[in-house]
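Shown next, in C-alpha cells, is the structure this report addresses.
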Amino acid sequence: MIVLALDTAGVDCAAAIYDSGRNTVLGEASDMIGKGHAEHLMGIVDRALDQAGVTLSDVDRLAVTIGPGSFTGIRVGVAAARGFALSLNVPAVGITTLEVMAAAQREKMPGRPVLAAIDAKRDEIYLQSFAADGTPLDEARAVSVSEAKAFAAGFDGEITGSATPLLKPDVAGEQVNSFPISIVARLGAAASPNSGKPKPLYLRGPDAKPQAGYAIARV
C-alpha cells in the first residue's frame with residue numbers, strides 16, 4: 001500500500017510517500033515555514049512524489065495530522081487530504097499530533113510510556129499519555145498548567161513536546177512540536193481505513209477564540 005502523508009499542524013509543512021509493503025519511505029519533503037501552509041503544501045507534495053518516483057494515481061491512502069496545533073494549518077492539511085482522497089477514491093485517515101509525538105519519542109526511548117504535552121498558551125496544555133506499545137492511556141485533553149504538572153508528577157515515563165519545560169523544571173530551552181513526517185505515514189498505514197473522514201481535533205470549549213498559532217477547541 002502506498003500512503004501519502006501530510007503534516008501542516010505545526011511549524012512544518014511536510015509530505016511523505018510510504019510503501020507499507022516494504023516498510024520503506026520512498027520520498028519525503030519538509031520545510032519549517034511557521035505560516036503559509038496553503039501556499040507551500042502542493043509544492044511539498046510534488047517534491048515528495050518526484051523523489052519517490054510515483055504519481056498521485058499510485059496512492060492508496062492519505063494520512064494527515066489533525067491536531068492539536070495551528071488552527072489554520074490543520075484546516076489546510078485536512079482539506080487537502082480529503083480533497084485528494086475524494087479525487088483518487090481512496091480512504092483518508094487522521095492522526096493526532098500527540099500520537100505522532102509519542103511515537104517519535106518511543107523511537108528514541110523504546111519500552112517506555114510517553115506523555116505528549118503541547119504548550120497551548122493561555123495557561124493551558126494539550127495532554128495525552130500512551131503506554132509503551134503506543135496504546136492511549138487516556139483521552140487527548142486541554143488542561144491547566146497546574147493540572148498538567150500534577151499529572152506529570154505521577155507519570156512514570158518520558159515526557160515530550162513543547163510543554164516539557166513547564167512540566168520538568170530540569171529541562172532547559174525551547175521545545176518545538178516537530179516530528180518526522182515518516183512517522184505520520186507509518187501510523188496512517190496502520191490506522192483503520194474505516195475511521196471516517198479526518199476532521200480537525202479541537203480541544204477547547206465552543207466559546208474559545210483562536211489563539212495565534214494554536215487550535216481552538218470544540219468537543
Side-chain angles (χ1 to χ4, degrees), residues 3 5 7 9-10 12 18 20 23 63-71 74 77-78 92-171 175-206 208 214-219:
V3 178
D7 172 43
D12 295 331
Y18 173 66
S20 65
N23 188 25
V64 61
T65 49
I66 58 173
S70 163
F71 178 71
I74 291 168
V78 169
V93 296
I95 308 296
T96 75
T97 50
L98 295 167
E99 180 183 2
V100 183
M101 289 163 53
Q105 184 64 27
R106 285 197 308 277
E107 288 193 356
K108 299 175 186 177
M109 300 289 291
R112 294 276 289 164
V114 179
L115 178 62
I118 296 176
D119 185 357
K121 310 303 182 183
R122 298 169 58 180
D123 195 41
E124 285 188 323
I125 290 176
Y126 298 136
L127 203 67
Q128 188 173 18
S129 59
F130 298 83
D133 64 357
T135 303
L137 297 174
D138 45 38
E139 295 293 325
R141 59 209 184 273
V143 300
S144 68
V145 172
S146 59
E147 289 175 307
K149 285 181 176 179
F151 184 87
F155 183 76
D156 183 18
E158 301 297 315
I159 300 178
T160 188
S162 59
T164 302
L166 297 173
L167 304 181
K168 296 179 67 176
D170 57 323
V171 175
Q175 304 291 312
V176 179
N177 303 312
S178 184
F179 39 75
I181 182 63
S182 59
I183 296 179
V184 180
R186 290 188 176 94
L187 291 174
S192 170
N194 301 316
S195 56
K197 296 178 181 178
K199 57 183 180 180
L201 174 65
Y202 297 141
L203 297 179
R204 284 190 177 128
Y214 297 87
I216 66 170
R218 287 196 298 268
V219 291

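None of the values given here were measured: they were computed from a predicted structure.
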Does some side-chain heavy atom of [Y] sit less than 4.5 Å from a side-chain heavy atom of [X]?
X: Phe151; Y: Leu127; value: yes
X: Ile118; Y: Met101; value: yes
X: Thr65; Y: Phe179; value: yes

Checklist entry - Going by the side-chain hydrogen bond (donor to acceptor under 3.5 Å, both in side chains) test, which pairs reach into residues 97-114, not counting sequence neighbours? => result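 Listed once each, the pairs are Arg112-Glu158.
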
Between [atom1] on residue [X] and [atom2] on residue [Y], distance to nearest 0.5 Å:
X: Leu166; Y: Ser146; atom1: CG; atom2: OG; answer: 11.5 Å
X: Ile125; Y: Asp119; atom1: CD1; atom2: CG; answer: 6.5 Å
X: Lys121; Y: Tyr126; atom1: NZ; atom2: OH; answer: 11.0 Å
X: Leu98; Y: Thr160; atom1: CG; atom2: OG1; answer: 10.0 Å
X: Ser70; Y: Asp12; atom1: OG; atom2: CG; answer: 11.5 Å

Over all atoms of both residues, closest heavy-atom pair of [X] and [Y]:
X: Gly67; Y: Ile74; result: CA-CD1, 3.5 Å
X: Gly188; Y: Ala63; result: CA-CB, 3.7 Å
X: Ile66; Y: Pro198; result: CG2-CB, 4.1 Å
X: Val145; Y: Glu124; result: CG2-N, 4.0 Å

Checklist entry - So, Asp123 side chain and Ser144 main chain: donor-acceptor pair closer than 3.5 Å or not? => result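 No, because the side chain of Asp123 does not come within donor-acceptor range (under 3.5 Å) of the backbone of Ser144.
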
Checklist entry - Where the side chain of Gln128 meets the backbone of Arg141, is there a donor-acceptor pair that is under 3.5 Å apart? => result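 Between the backbone of Arg141 and the side chain of Gln128 there is no qualifying donor-acceptor contact (under 3.5 Å).
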
Item to check | Listed partners of Thr96 passing side chain to side chain donor-acceptor pair (under 3.5 Å), at least two apart | outcome: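 Applying side chain to side chain donor-acceptor pair (under 3.5 Å) to Thr96 gives none.
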
Item to check | For Thr135, side-chain contact (heavy atoms from CB on, under 4.5 Å) partners two or more places apart | outcome: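 So Thr135 forms a side-chain contact (heavy atoms from CB on, under 4.5 Å) with Ala131, Asp133.
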
Item to check | CA sep, side-chain torsions, deciding dist, call: Asn23, Tyr18, side chain to side chain donor-acceptor pair (under 3.5 Å) | outcome: CA-CA 7 Å; Asn23 188 25; Tyr18 173 66; 2.7 Å; yes

